[in-house]
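In this text, all values refer to a predicted model and were calculated from it rather than measured experimentally.
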Amino acid sequence: MGMGIVLRLLVAAGLAADAVIHWRFAPDMAPGPNSPSGTIAGDDLFYAQAIAAAVAAVLVLVWARRWTYALAFLVAASAAGAVLLYYFVDFGQLGPIPRMYDPSWYADKTISLAGELVAAIAALIGFFTVRRSREREHEADNVYS
């Protein structure tokens, strides 16, 4: 199995873990009756993250291009950053983003963070290697033509 396939599978698997966890937890993030108005509902944010992760995973599996790896990196790294940031810092409400502070740690959060980190690292590697391998293949084709 080539390096490109391994990277694609790592990105897709990490983003799949992220998507599943966010989708499962979305209903728990629904705004309560005393939620401030003018904010984006927490469940909508979690559903959006799940969909973004799933779409990015499929794109990397179907088209291993620099832009798909870049998109996968942005989706995974931003989610990992949010998990860590909202674990350590209570910002309160940030504009339309509701208070997302969660100082507890549990298995699903670990699975999500691990998936996001694996996907981000693999996507970053893919971003920097995908063009080089294609250029080498093109050069090899020209040599044998």
What pair of heavy atoms forms the shortest contact from [X] to [Y], and how long is it?
X	Y	answer
Gly115	Ala17	CA-CB, 4.4 Å
Ala19	Ala54	CB-N, 4.1 Å
Gly42	Pro31	N-CD, 4.5 Å
Ala72	Val60	CB-CG2, 3.7 Å

Kindly compute the distance separating [atom1] ([X]) from [atom2] ([Y]), expressed to the nearest 0.5 Å.
X	Y	atom1	atom2	result
Asp43	Asp28	CG	CG	10.0 Å
Gln93	Thr39	CD	OG1	5.5 Å
Glu116	His22	CD	NE2	5.5 Å
Phe73	Thr68	CZ	OG1	14.0 Å
Thr129	Leu124	OG1	CG	9.5 Å
Ile5	Leu10	CD1	CG	11.5 Å

Original post:
Are Val20 and Val55 co-members of a hydrophobic cluster defined by side-chain heavy atoms under 4.5 Å apart?
Top reply: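 Cluster IDs for Val55 and Val20 differ.
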Original post:
Going by side-chain heavy atoms closer than 4.5 Å, which hydrophobic residues are tied to Trp105, directly or by a chain of links?
Top reply: Ile21, Phe25, Met29, Ile40, Leu45, Phe46, Val83, Leu84, Leu85, Tyr86, Tyr87, Phe88, Val89, Phe91, Leu94, Ile97, Met100, Tyr106, Ile111, Leu113, Leu117
Original post:
Just one of Val11, Leu71, Leu15 clears the side-chain contact (heavy atoms from CB on, under 4.5 Å) bar with Leu59, so which one?
Top reply: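 Exactly one candidate clears the test, Leu71.
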**OP:** For the residue pair Arg8 and Tyr69, establish whether any side-chain heavy-atom pair is separated by less than 4.5 Å.
**Re:**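 A side-chain contact exists here, since the closest heavy-atom pair is under 4.5 Å.
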Original post:
For Asp108, does its backbone N or O pair with a side-chain atom of Ser112 as donor and acceptor, under 3.5 Å?
Top reply: no
